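This structure is a prediction, so every number in the text was calculated from the model and none was measured. A note on names: the letters A, B, ... follow the listed sequences, proteins ahead of strands, and every chain is numbered from 1.
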There are 2 protein chains.
Amino acid sequence: MALRHAVLAALLDEELSGYQLAKAFDLGVANFWHAQPQQLYAELTRLEKDGLIAGREVVQDTRPNKRLFTVTEAGLAELEHFTTTAAKPTFVRDDLLVKVQATDHIDTATLIGQLTERAAFAKAKIELFTKLLEGMRAGRTEEDFLRHGERIGPYLTCLRGLAFEQGNHDWCQRTIAVLRKRQGTRPRR
Amino acid sequence: MALRHAVLAALLDEELSGYQLAKAFDLGVANFWHAQPQQLYAELTRLEKDGLIAGREVVQDTRPNKRLFTVTEAGLAELEHFTTTAAKPTFVRDDLLVKVQATDHIDTATLIGQLTERAAFAKAKIELFTKLLEGMRAGRTEEDFLRHGERIGPYLTCLRGLAFEQGNHDWCQRTIAVLRKRQGTRPRR
DNA sequence: CGTGTCATGTAATTTGTTACATGATTGA
DNA sequence: TCAATCATGTAACAAATTACATGACACG
């Protein structure tokens, strides 16, 4: 039941609709958690039923109506309680890594293609995160912002996201280079 | 159905028992995938039924008997096919990041405690991976090993694991420092 | 004499993914 | 006019976690 807490944490900053939350959790702008829209709509229903968030209907004439959610007192208490429980380590589950593990036994060209794709994906994220961080700093230096800023949670998690994608990018590039060099010297299979 | 391929990739190097696989996948020595023992035993049964791996019984007198598994021709073909399908991007799901996202609203001391724990965990993994890499290189330089080594898949995925844990460690330390500095200047809540 | 390792599972439950469904509006 | 965006769901299925179960040997 960690999705609940991720949703609560996301709603701390602003009132959001299921749709807005879904975008953030799906495209990975929410660096702390990933989830599909369907999961979020379901979780929002449960959270509201349990009184941890409160929704209010916003009637729109040009767009379909939507419901904006806010964390309640009980929701905040729940989050606080969650924080006191031990955090379990994160574990990797990555298709691409499985494929790289299997290199020497599989086609190198295909692998290089996928590594290139992943590197491009990482680069796009790096640029996005860099801009997001810049926006949050709003002119201040990082040092200043982190010391005196009102709300630094999202900034800190975004920093982790940035470093993660930089790690991805670097590793992909390095791996591509290694595989290319071998292609010449050692014929595969 | 990606666990299948992770298991196949792990069995490429050596014949392993369910128990040995479980240890690798559970404690995260298998940097490409994580899974619990129960999942692995179930998957091994399915893989054998589908003819992608072959098991052989090893009778032991001092220890319970065990089954060692090898990848079959069909298994290798399956892996090869898997490699040609597009790899989906990995997504983060991390309790600790959820908690950091919620900082400014929750108790800082507890958070610092958990970040410290995570940093120590990361450091232990860094040391483990560093040694594993050293072992695989077996005296050669990294450049030399990666160019001429027989089997570099596990080395490459281990490199990613190492970088990941270094990222974790650095970020935890930085976050701890930031939170500590604020504790003095801005009283919480 | 208790704790940890070796060794393998079954069953119940919780999460997460994929497929399907609807319908208006905005921009290319 | 075609695709994308806004907006919310339901239902079926696959994957992962948690709990439960067994039993011998090794180490301190």
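- Comparing C:dA7, D:dT17, C:dC6 against the side chain of B:K23 picks out C:dC6 as the nearest.
- Backbone-only contact: A:Q60 has heavy atoms under 4.0 Å from sugar-phosphate atoms and none from a base.
- Cation-pi geometry between B:K66 and B:Y19 is not met: the NZ or CZ atom fails to fall both under 6.0 Å from the ring centre and inside 45° of the normal.
- Nearest-nucleotide mapping onto DNA chain C: of B:P64 and A:L3, the residue sitting toward the 5' end is B:P64.
- Distances from the side chain of A:M1 to the nucleotides C:dT8, C:dT15, D:dT10 place C:dT15 closest.
- Look at NE2 on B:H5: it is 14 Å from C1' on D:dA15, rounded to the nearest Å.
- Side chain to side chain, A:T108 and A:Q183 fail the donor-acceptor criterion of an N or O pair below 3.5 Å.
- For D:dA16, neither phosphate oxygen OP1 nor OP2 lies less than 4.0 angstrom from any side-chain nitrogen or oxygen of B:Q36.
- Phosphate contact (OP1/OP2 of C:dG9, side-chain N/O of B:Q38, threshold under 4.0 Å): absent.
- Protein atom CG of B:L47 is 12 Å distant from nucleotide atom P of D:dA15, rounded to whole Å.
- Rounding to the nearest 0.5 angstrom, the gap separating the CZ atom in B:F121 from the CG atom in B:N168 is 9.0 Å.
- In this structure, CZ on A:R137 lies 11.5 Å from CD on A:E143, to the nearest 0.5 angstrom.
- For B:R67, taking side-chain heavy atoms from C-beta onward, the closest of the listed nucleotides C:dT8, D:dA16, C:dT18 is C:dT8.
- Between B:T62 and D:dA26, a side-chain N or O to OP1/OP2 separation shorter than 4.0 Å is present.
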- B:E43/B:R46 under salt bridge (Lys or Arg N to Asp or Glu O under 4.0 Å): CA gap, chis, key distance, verdict: CA-CA 5 Å; B:E43 193 61 51; B:R46 262 174 269 146; 2.9 Å; yes
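- When each of C:dG16, C:dA19, C:dG9 is scored by its nearest atom to the side-chain atoms of A:W33, the top-ranked nucleotide is C:dG16.
- What separates CD of A:Q39 from P of D:dT8 is a distance of 17 Å, to the nearest Å.
- When distances are taken from the side chain of B:S17 to each of C:dT8, D:dC20, D:dT8, the shortest belongs to C:dT8.
- We find that CD of A:E57 is positioned 14 Å from C1' of D:dG9, with the value rounded to whole Å.
- The 5' end of DNA chain D is approached more closely, in terms of each residue's nearest nucleotide, by A:K88 than by the other of A:K88 and B:R63.
- Look at A:Y41 and you won't find any side-chain N or O under 4.0 angstrom from OP1 or OP2 of D:dG9.
- The CG atom of B:L21 sits 13 Å away from the P atom of C:dG9 (whole-angstrom rounding).
- Looking at heavy-atom distances under 4.0 Å, B:R4 makes no contact with the nucleic acid at all.
- Considering only side-chain N and O atoms, A:Y19 lies nowhere under 4.0 angstrom from the phosphate OP1 or OP2 of D:dT8.
- Distance, A:R93 CZ to D:dA15 P: 12 Å, rounded to whole Å.
- Rounded to an integer number of Å, the gap from A:L44 CG to D:dT8 C1' is 11 Å.
- Remark: A:D94 engages A:R118 in a salt bridge, criterion side-chain N to carboxylate O under 4.0 Å.
- Taking atom CZ of B:F25 as the reference point, atom P of D:dA15 lies 15 Å away to the nearest angstrom.
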